[in-house]
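Take a look at the structure set out below.
Residue numbers start from 1 in every chain, and the chains themselves are labelled A, B, ... in the order their sequence lines are given, proteins ahead of strands.
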Amino acid sequence: MSSVTGDSQKATYQRSAVSRKADVGFLWLTRFFALAVGGVLAWIAVEVAIEALPAIRQFGWQFLFSSTWDPVDDVYGAWPFIYGTVVSSLIALILALPVGIGVALFLSEDFLPPRIQQPIVFMVELLAAIPSVVYGLWGIFVLIPLLGSIGLWLHQNLGWIPLFSTPPRGPGMHIAGVVLAIMILPLIAAISRDALVSVPRDLRQGAYGLGATRWETIFKILLPAAFSGIVGGTMLALGRALGETMAVTMVIGNAANVSPSILAPASTVSALLANQFAEAGGLQIASLMYAALILFGLTLLVNMLAELLIRRVRQI
Amino acid sequence: MFSYLQSSRWGVAASSLALAVGLISCQSQTAEAPPQAGTSPASPAGGDVKASLSGAGASFPAPLYQRWFSEYNKENPGVQISYQSVGSGAGVEQYLAKTVDFGATDAPLTEEERKQFQSKYNAEPIQVPMTGGAVVFAYNLGGDVENLRLSREAYCGIVQGEVKTWNDPLIAQANQGVNLPSTPINFVHRSDGSGTTFIFTNHIAEACPNWKAGSGKSVEWPTGVGAKGNEGITAQVQQTEGSIGYVEFAYANENNLNMASLENSAGEFVEPGPQAAAAALEGQEIPEDFALEVPDPSGQNAYPIVGLTWLLLYPQYDDPAKAQALKNFVNWAFSDGGKYAEELGYLPLTGEVAQRVQSTVSEEVAAR
């Protein structure tokens with residue numbers, strides 16, 4: 001990343017004009033690309049906001065808290081979808097985080113000979129390359145029947161806990177959570193592993209030198225040192241979970257209700273967009289755009305929180 | 001490391017917006033894309049017309065349209081018709097924006113859409129029914145229950161979430177001697193906007209006194225699980241015992257789903273099928289703009305949930321070959337094409353309606 005600085009010592013000889021021009025040109029080229037990314041982002045946000053304007057005027061902030069989504073009478077509120085987006089992503093995170101960090105630890109320590117370790121690392125990263133529609137189909141045909149009986153057992157034996165208070169009806173929040181967890185697992189595992197591997201060797205040697213056990217080294221030295229990388233990977237994963245559309249639409253049940261039970265069908269903002277955009281018109285399109293804007297804001301919020309978290313940890 | 005994280009986080013924000021980009025680009029595409037110009041130079045009207053037409057719209061008749069277009073192409077190799085089943089709403093939008101040669105919809109044009117067309121093109125839109133079909137309740141009660149009969153109170157109750165278990169007296173009443181389980185009913189509805197939902201809710205709103213959600217391509221469902229597309233509902237129903245959902249007859253037929261017989265407004269239980277659907281349209285007065293809706297047919301043998309689906313044509317085409325090809329195709333669809341409709345479980349339009357459609361198309365569609 002900082003290879004350019006190494007050249008400065010050698011640059012004592014006279015450089016040609018062409019070479020200097022190329023330098024300046026390259027600087028401007030990269031500058032342009034960097035600004036273009038920001039520009040595209042702003043462009044999208046503005047465009048979505050303009051499309052959403054009729055709905056923003058009509059419903060205002062009430063849109064965020066109302067749970068009616070009624071295309072017949074043109075009354076819209078996004079609360080069930082916002083709730084579903086946040087809760088399904090949280091379930092995914094709760095499931096995927098411990099597993100992901102565990103995988104990262106296992107694959108960054110010397111538990112396995114490299115000959116076996118490398119293929120496993122490769123396989124974890126390959127999980128990220130599976131198209132989401134395949135995850136969705138797998139969810140419908142494998143996961144729903146598999147989790148159906150587990151869900152039923154949970155409801156019958158632990159039904160007094162609000163989390164399991166409704167009988168499972170096939171698709172639902174829990175299926176979406178599990179599918180999302182599998183989808184974001186490679187992100188968490190791969191980035192956390194990179195962070196753990198790049199912890200300086202000296203730190204580890206020092207810990208062993210002071211007589212720390214492997215447990216102590218992992219939990220008191222390695223994980224804290226790699227913390228910002230792990231948080232970064234987690235936030236990237238959360239971002240994917242919040243925005244994931246296809247697989248979630250296929251397994252979440254698409255019902256606009258807010259239920260404390262994770263066995264009940266629910267819906268997310270992106271599922272709503274995928275479902276209704278094709279046949280929408282007028283105020284419904286504006287409301288869908290408004291919902292898209294909210295999803296945009298939600299993702300931004302998550303990223304800002306992550307940034308804050310990392311800064312605080314750095315200060316300690 | 002830090003900068004890497006920062007940049008990757010922007011990446012998240014950008015990728016989470018990818019969907020929004022897609023949506024916007026979809027929209028502007030329909031508004032700005034130039035009309036398809038795949039037509040060969042104008043050829044004289046007659047048997048060997050050479051034209052390539054593109055259409056978009058309803059998914060309800062899509063299997064039939066696709067079959068029709070490919071069969072028609074085999075008989076008339078000069079005419080290529082492509083069809084995108086993007087949904088009725090998008091079909092109407094593309095029709096109004098003139099990015100297609102014809103549109104297709106399951107819900108007749110609204111007053112507003114007609115006005116839009118008139119002010120834009122200074123002409124009346126041409127809307128003709130091509131076929132119709134029934135929407136059926138497909139269910140899964142294991143292999144035990146083969147011929148379920150649902151009274152009006154029963155299916156209204158299921159859709160409204162009032163009838164919750166399969167052995168509810170409202171269901172049991174009409175199914176004497178059938179061993180109904182005590183398991184909960186899992187109602188599956190479409191989560192995407194669709195013409196099938198329009199036809200279904202059109203009937204429910206008419207037949208069920210307590211139904212409050214109205215009728216439309218998507219409504220606010222009081223109960224149930226949403227699945228995307230006919231295939232989504234089929235997967236749900238096939239997989240979860242105790243499920244019941246609505247799909248169009250052609251689709252249920254092809255997938256060998258169990259279909260319930262429904263009680264019609266005359267009090268008779270009718271099995272779904274093309275004949276029962278045709279009976280629903282018998283004796284109906286068809287208005288000038290062909291916008292016939294039969295939310296609750298009164299005939300003795302009429303299957304209660306039926307609807308028509310329409311083709312949207314322009315009164316003027318820049319290319320005479322296109323106009324001629326469309327006229328020829330419509331005539332063919334009502335003569336030789338009828339057998340494919342029946343084969344796929346759609347309702348072939350015959351008699352007076354067919355004649356009126358053919359004469360309307362041949363009189364009103366013209367080349368500039």
Side-chain angles (χ1 to χ4, degrees), chain A residues 1 37 40-41 44-45 47-48 51 68-73 140-141 144-145 148 167 169-172 195 198 228-229 232 235-236 239-240 242-243 245 249-250 253-256 265 267 270-271 273-281 285 288-289 292-293 295-296 299-300 302-303 306-307 310, chain B residues 1-21 23-24 26-28 86-90 92-93 112-113 184 186-195 197 201 213-221 223-228 232 235-236 239-240 242-243:
Chain A
M1 232 170 272
V37 171
V40 167
L41 189 76
I44 293 165
E47 195 73 30
V48 172
E51 293 274 337
T68 330
W69 186 276
D70 184 353
V72 176
D73 297 324
I140 289 181
F141 292 112
I144 289 180
R169 325 175 63 165
S198 64
S228 69
M235 288 304 138
L236 206 62
R240 175 159 194 201
L242 286 171
T245 309
T249 309
M250 291 165 86
N254 301 299
S267 190
S270 43
L273 290 170
N275 274 323
Q276 301 212 338
F277 201 83
E279 290 281 357
I285 285 202
L288 289 170
M289 285 295 184
L293 205 62
L295 183 62
F296 182 35
T299 320
L300 206 66
V302 165
N303 287 306
E307 189 67 33
I310 291 176
Chain B
M1 194 66 221
F2 185 66
S3 64
Y4 162 66
L5 282 176
Q6 206 160 32
S7 65
S8 62
R9 226 162 297 118
W10 279 112
V12 183
S15 67
S16 75
L17 265 180
L19 175 77
V21 188
L23 298 179
I24 289 184
C26 279
Q27 234 208 350
S28 53
V86 288
S88 299
V92 170
E93 204 165 293
E112 199 185 322
E113 286 160 350
N186 184 22
F187 175 59
V188 191
H189 56 76
R190 288 284 288 268
S191 62
D192 48 336
S194 110
T197 302
T201 51
S215 67
K217 288 173 201 155
S218 52
V219 300
E220 192 178 20
W221 294 98
T223 185
V225 168
K228 198 166 186 304
Q236 256 294 285
Q239 229 166 51
T240 320
S243 295

When heavy-atom pairs shorter than 4.5 Å are enumerated against chain B, which of [options] gives the highest number?
{"options": "A:Ala255, A:Ala256, A:Gly253", "result": "A:Gly253"}
{"options": "A:Asp73, A:Val40, A:Thr68", "result": "A:Thr68"}
{"options": "A:Gly172, A:Gly170, A:Pro171", "result": "A:Pro171"}

Where do [X] and [Y] come nearest, in terms of heavy atoms and distance?
{"X": "A:Asn254", "Y": "B:Gly226", "value": "ND2-O, 3.1 Å"}
{"X": "B:Gly216", "Y": "A:Val72", "value": "N-CG2, 4.3 Å"}
{"X": "B:Glu220", "Y": "A:Pro71", "value": "N-CD, 4.3 Å"}
{"X": "A:Asp70", "Y": "B:Ala213", "value": "OD1-O, 4.4 Å"}

Please state whether the side chain, the backbone, both or neither of [X] comes within less than 4.5 Å of a heavy atom of chain B.
{"X": "A:Ile140", "value": "both"}
{"X": "A:Ser267", "value": "neither"}
{"X": "A:Pro167", "value": "neither"}

If you count heavy-atom pairs under 4.5 Å between each of [options] and chain A, which one has the most?
{"options": "B:Ala227, B:Ser215, B:Gly195", "value": "B:Ser215"}
{"options": "B:Gly232, B:Gly242, B:Ser243, B:Ser191", "value": "B:Ser191"}
{"options": "B:Thr240, B:Val219, B:Thr223", "value": "B:Val219"}
{"options": "B:Ala235, B:Gly89, B:Gly224, B:Ser218", "value": "B:Ser218"}

*Evaluate the side-chain proximity of A:Ile144 to B:Gln239: yes if any heavy-atom separation is below 4.5 Å, no if none is.*
yes
*Partner set under side chain to side chain donor-acceptor pair (under 3.5 Å) for B:Gln236, not counting sequence neighbours*: none
*Is a side-chain N or O of B:Asn186 found less than 3.5 angstrom from the main chain of A:Arg169, in a donor-acceptor match?*
yes
*Between the side chain of B:Asp192 and the main-chain N/O of A:Asn275, is any donor-acceptor distance below 3.5 Å?*
no
*asked:* Please classify the contact between B:Ser194 and chain A as side chain, backbone, both or neither, with a heavy-atom cut-off of under 4.5 Å.
replied: backbone
